[in-house]
Amino acid sequence: MSTHRQVLHAWNAQLHALLPEARVTRVRGLGIFSVGMARAGTGRVNRVARASPLGVRVLSTERRLRRFLANPQVTVTTLWQPLLPHLLARWVAREAVLVFDPTPFGATWTILWVGIVVHRRVLPLTWRLVPQQEPWPETLATLLPALLAPIAAALPPGCRVTLLGDRGVAGPTLIDAAQSLGWDVVMRLNVGASQTHRVRLCSGEPRGGTDVMPGGEQPLWDVVGAVRSGWSAAGQIFKGAGWRTGFLTVARRTGLAEPWILFSTRPGGRARVQEYAQRGRVDATFGDGKRRGWGLEQSHVRAAGHLDRLLLVWHLALWWLHALGRHVIKRGARTQFDRTDRRDLSVVHLAGLWLQTCLEGGRCPPLLFRPTPTGWHARGTP
């Protein structure tokens with residue numbers, strides 16, 4: 001048996017062990033598709049078919065993959081959510097930082113996306129497609145709890161969670177959804193909206209050495225203009241929603257024209273600024289799936305159900321590629337593929353090159369999951 005077939009056989013065996021309730025043919029299709037995508041370096045189905053080591057005609061493999069994408073019985077509920085406890089198993093008694101960040105997909109869809117910070121990346125946990133140009137089928141107040149619930153159910157004991165939100169999603173809905181699960185929130189307020197927001201600073205002297213004092217209701221923008229970088233204070237915001245209590249932090253970072261105005265449910269200050277800065281790691285993850293990476297938008301998959309299943313395959317392949325990339329870096333083998341004076345290759349691209357080298361050299365790379373005395377755990381996690 002060729003090395004390519006050995007890897008596929010072992011990968012399918014892992015998925016069958018982790019998804020015992022799912023239909024065998026669907027699990028096998030997920031395995032074939034995800035290995036092919038990891039090898040192909042693209043989301044284009046015809047190229048994935050050429051990279052799939054099935055030993056049959058490429059057109060037959062391509063038709064098989066397209067049937068997988070068209071099958072309404074292939075769902076995130078049955079093939080992805082059961083994997084979440086194993087992906088998150090290493091966060092027992094640790095702090096997890098999650099990121100909620102919508103991203104456009106072509107000109108048709110927006111992906112509402114929740115991921116977890118893992119080293120220098122944000123890896124996907126749950127997602128939902130909503131129209132980009134039409135009204136959403138449900139409000140964010142309905143969509144967001146549905147996105148967060150599977151994560152909450154999969155988190156191991158003793159895990160403390162902080163949810164990060166960018167300016168486009170910052171609001172009372174994000175706070176309420178997180179706090180209903182016992183999670184903390186750090187979110188950045190939109191500077192433009194801050195000019196209309198009202199704030200009530202709570203009793204107690206704010207930090208930062210300014211003349212801004214607690215008291216009655218006042219414009220948030222007046223407070224921002226009067227304080228220096230690093231200022232933080234307890235306060236209330238979102239008057240129209242009946243006020244939400246938390247902590248405000250203002251940070252002015254070098255190279256940025258606008259200040260960061262952060263609202264958090266934990267005491268503000270430098271620690272919240274450092275937490276929120278991790279949100280930027282999601283851009284690298286999105287880049288891996290777009291034109292400079294696996295090019296999912298060039299796959300010509302546009303139907304909502306088909307695209308949802310393509311994302312399912314890509315997200316599984318992405319977790320595996322990230323684990324392989326971390327393995328290469330820890331072994332000190334990065335210089336075999338990347339420059340020594342700067343980093344040109346992302347950890348995912350590095351993994352793709354190393355995977356190809358292993359297969360061509362007759363070596364089996366480590367798979368995403370490994371058995372432990374407490375169950376299956378994902379590699380490449382803290």
Side-chain angles (χ1 to χ4, degrees), residues 34 37-43 87-88 90-91 95-106 109-127 147 151 162-169 186-188 253-256 260 273-299 310-331 333-356 368 378-382:
S34 54
M37 186 178 288
R39 287 192 61 208
T42 179
L87 295 174
L88 297 172
R90 295 288 296 277
W91 272 271
E95 184 160 341
V97 178
L98 306 184
V99 177
F100 172 53
D101 202 339
T103 183
F105 187 93
W109 300 105
T110 292
I111 305 173
L112 302 181
W113 194 91
V114 182
I116 187 167
V117 175
V118 185
H119 301 292
R120 304 297 301 176
R121 277 289 186 281
V122 182
L123 297 181
L125 294 176
T126 57
W127 64 94
L147 281 170
I151 303 174
T162 299
L163 180 64
L164 309 183
D166 198 18
R167 292 169 292 179
V169 296
V186 180
M187 59 188 184
R188 181 182 173 190
R253 296 170 67 88
T254 303
L256 296 179
W260 281 5
V273 175
Q274 292 174 337
E275 271 181 335
Y276 179 77
Q278 296 179 76
R279 193 214 66 84
R281 300 177 187 179
V282 77
D283 296 330
T285 303
F286 290 157
D288 286 327
K290 296 190 177 180
R291 185 176 294 275
R292 71 175 179 84
W294 263 245
L296 299 189
E297 292 183 353
Q298 284 71 55
S299 66
L310 182 67
L311 290 172
L312 163 62
V313 175
W314 163 241
H315 291 160
L316 182 58
L318 180 60
W319 272 85
W320 184 30
L321 287 167
H322 179 268
L324 290 179
R326 292 293 307 170
H327 180 74
V328 174
I329 293 170
K330 290 175 70 175
R331 291 175 69 246
R334 182 168 197 156
T335 54
Q336 296 179 25
F337 308 97
D338 208 355
R339 295 177 55 148
T340 56
D341 58 334
R342 68 171 189 241
R343 300 300 187 217
D344 280 353
L345 298 177
S346 73
V347 65
V348 175
H349 280 90
L350 186 67
L353 292 174
W354 187 70
L355 174 61
Q356 199 63 25
L368 173 57
R379 300 179 192 271
T381 52

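Keep in mind the model is a prediction, meaning the values are calculated, not measured. The figures that follow rest on heavy atoms only: side chains count, while hydrogens, waters and symmetry mates do not.
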Going through the distances and angles, do L311 and I111 end up as a side-chain contact (heavy atoms from CB on, under 4.5 Å)?
CA-CA 10 Å; L311 290 172; I111 305 173; 3.8 Å; yes
Check whether any side-chain N or O of E297 sits under 3.5 Å from a backbone N or O of K290 as a donor-acceptor pair, and report yes or no.
no
Taking W294 for the side chain and M37 for the main chain, is one N or O donor matched with an acceptor at less than 3.5 Å?
yes
I'd like to know whether R279 forms a salt bridge (charged side-chain N to carboxylate O under 4.0 Å, His left out) with D101, so could you lay out the CA-CA distance, the side-chain angles of the two residues, the decisive distance to 0.1 Å, and finally the verdict.
CA-CA 9 Å; R279 193 214 66 84; D101 202 339; 2.3 Å; yes
Would you say the side chain of [Y] lies within less than 4.5 Å of the side chain of [X], judging by non-hydrogen atoms?
X	Y	answer
W314	L296	yes
H315	L123	no
M187	L164	no
W91	P382	yes
L98	T162	no
R339	T335	no
L316	L368	yes
W319	L125	yes

[X] side, atom [atom1]; [Y] side, atom [atom2] - distance, nearest 0.5 Å:
X	Y	atom1	atom2	value
L321	L350	CG	CG	10.5 Å
R39	T42	CZ	OG1	13.5 Å
F105	L310	CZ	CG	6.5 Å
D283	F286	CG	CZ	7.5 Å
T110	L112	OG1	CG	7.0 Å
Q336	R331	CD	CZ	7.0 Å

Evaluate side-chain contact (heavy atoms from CB on, under 4.5 Å) for R334 paired with R343, printing each intermediate quantity in order.
CA-CA 10 Å; R334 182 168 197 156; R343 300 300 187 217; 3.5 Å; yes
Residue pair [X] / [Y]: nearest heavy atoms and the distance that separates them:
X	Y	result
P124	L318	CD-CD2, 3.7 Å
D338	D344	OD1-N, 3.2 Å
A351	G325	CB-N, 3.4 Å
S346	R121	CB-NH2, 3.0 Å
G43	S299	O-CB, 3.4 Å
A96	I116	CB-CD1, 3.9 Å

Determine, stepwise, if the pair L345 / F337 fulfils side-chain contact (heavy atoms from CB on, under 4.5 Å).
CA-CA 8 Å; L345 298 177; F337 308 97; 4.2 Å; yes
Is the H349-W354 ring centre distance short of 6.0 angstrom?
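No.
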Please check if the distance between the ring centroids of W113 and F100 is under 6.0 Å.
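No, too far apart.
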Would you call the rings of H322 and H119 parallel, tilted or perpendicular if under 30° counts as parallel and over 60° as perpendicular?
parallel
Checking R253 against V273 for the side-chain contact (heavy atoms from CB on, under 4.5 Å) test, could you report, in this order, the C-alpha distance in whole Å, the side-chain angles of both residues, the deciding distance, and whether it holds?
CA-CA 10 Å; R253 296 170 67 88; V273 175; 3.5 Å; yes
